[in-house]
Number of protein chains: 2
Amino acid sequence: MKSREGHEPGKCLSMLLPITDALEVLSGKWKLPILISLSFGNKRFGEMAKEIPKITDRMLSKELRELEAHQLIKRTVYDAVPAIVEYSITDYGASLDPLIQELYKWGSRHRKRMMAKSH
Amino acid sequence: MKSREGHEPGKCLSMLLPITDALEVLSGKWKLPILISLSFGNKRFGEMAKEIPKITDRMLSKELRELEAHQLIKRTVYDAVPAIVEYSITDYGASLDPLIQELYKWGSRHRKRMMAKSH
DNA sequence: CTGCATCCTTTCTGATACTG
DNA sequence: CAGTATCAGAAAGGATGCAG
């Protein structure tokens with residue numbers, strides 16, 4: 001049995017609660033990819049549909065609505081025919097940037113590691 | 001229509017691929033909570049089941065197997081009756097720490113924001 | 001172009017009970 | 001103590017079609 005001195009009761013739970021909240025807002029396969037796409041510039045529905053690998057219209061539509069409800073993105077309708085709708089990231093959405101950077105860093109390292117293992 | 005000068009083709013995809021990989025490894029509701037629990041010290045099955053709010057034995061068991069397969073955690077069996085099994089985080093699992101810190105920071109801010117809005 | 005409605009399949013989760 | 005088996009419901013996801 002290894003040492004257990006690292007264990008501090010209560011600390012763990014106080015970390016778990018905020019993280020659970022964050023995970024809820026970012027839940028699902030597509031919210032972060034959508035936010036990343038928008039972090040590279042405002043986009044229209046069709047542009048995102050093309051840019052994000054494998055996402056379907058249905059999921060894109062659904063996730064955009066959730067992200068808007070959480071105020072992470074903004075939807076702007078321009079009066080034109082045919083309709084033009086532009087999505088942009090809000091300041092609040094942009095506050096996820098450091099998190100996204102870390103995810104990118106770890107994902108890159110993980111990718112290399114996978115490559116190395118013949119796979 | 002707002003400016004679009006932030007858009008750089010290809011950049012977005014090169015960011016999306018590693019992140020998609022990362023999200024796959026961390027997918028689901030429970031993997032990060034489990035890793036966080038273990039980051040506070042080695043734990044036994046029952047300890048984690050008590051410490052992580054709302055997780056069921058079934059999910060804990062399933063997620064532990066996946067985390068072990070991805071080499072983020074280590075399972076050690078001690079020869080005793082009744083059985084003693086200890087889980088610990090690997091160096092590779094520990095490399096998720098910066099990501100977890102960011103998640104915690106954002107989650108904490110998000111939590112405050114939610115509180116502020118009457119809710 | 002935008003994006004919802006419908007239908008269907010797959011995957012995920014929870015509850016409960018049970019074994020070594 | 002440390003899980004696994006089973007069942008059922010919920011949620012996520014895909015395909016297609018169509019309307020504003």
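As the structure is a computational prediction, the values presented were derived from the model and not from experiment. Values below: every heavy atom of this structure, side chains too, minus hydrogens, waters and symmetry copies. Protein chains get the first letters and strands the later ones, always in sequence-line order, with residue 1 at the start of each.
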* Distance test, side-chain N/O of A/Arg75 to OP1/OP2 of C/dG3, below 4.0 Å -> yes

* Asked: Taking NZ, NE, NH1 and NH2 as the nitrogens, is one of them in A/Lys74 or A/Glu68 under 4.0 Å from a carboxylate oxygen of the other?
  -> no

* Asked: Picking from D/dA2, D/dG14, C/dG3, which would you name as closest to the side chain of A/Trp30?
  -> D/dG14

* Asked: Between atom CD in B/Glu68 and atom P in D/dA2, what is the gap in whole Å?
  -> 15 Å

* Should B/Lys29 be listed as having a side-chain N or O under 4.0 Å from OP1 or OP2 of C/dG14? -> yes

* To do: Check whether any side-chain heavy atom of B/Ile89 lies under 4.5 Å from a side-chain heavy atom of B/Asn42, and answer yes or no.
  => no

* Asked: Does D/dG3 have OP1 or OP2 sitting under 4.0 Å from an N or O in the side chain of B/Tyr87?
  -> yes

* To do: Flag the pair B/Lys105 and B/Glu102 as a salt bridge only when some basic side-chain nitrogen lies within less than 4.0 angstrom of an acidic carboxylate oxygen.
  => yes

* Structure fact -> note: B/Met59, atom CE; D/dC7, atom C1'; distance rounded to Å ~ 16 Å

* To do: Give a yes/no on whether any side-chain N or O of B/Arg65 is located under 4.0 angstrom from OP1 or OP2 of D/dT4.
  => yes

* **Between C/dT13 (C1') and B/Ile52 (CD1): distance, integer Å** => 16 Å

* Asked: What about A/Arg44: does its side chain form a donor-acceptor pair under 3.5 Å with the base of C/dT2?
  -> no

* Nearest-neighbour nucleotide for the B/Arg58 side chain, C/dC1, C/dG3, C/dT13 considered -> C/dT13

* To do: Give a yes or no on whether a salt bridge exists between B/Lys43 and B/Glu86, defined as a side-chain N under 4.0 angstrom from a carboxylate O.
  => no

* To do: Please report, rounded to the nearest Å, how far the C1' atom of C/dA5 is from the NZ atom of A/Lys62.
  => 15 Å

* When the distance from CD1 of A/Ile55 to P of C/dT2 is rounded to whole Å, what number comes out? -> 14 Å

* Does A/Gly28 or A/Ala83 map to a spot on DNA chain D nearer the 5' end, using the closest nucleotide for each? -> A/Gly28

* For the pair made of CD in B/Glu63 and P in D/dA2, what is the distance, rounded to whole Å? -> 18 Å

* To do: Let me know the distance between CZ of B/Phe45 and C1' of C/dT19, rounded to the nearest Å.
  => 14 Å

* Asked: On DNA chain C, nearest-nucleotide positions of A/Val77 versus B/Asp57: which is more 5'?
  -> A/Val77

* To do: Let me know the distance between CD of A/Glu47 and P of C/dT2, rounded to the nearest Å.
  => 8 Å

* Is A/Leu64 close to A/Tyr87 at the side-chain level, that is, under 4.5 Å between some pair of heavy atoms? -> yes

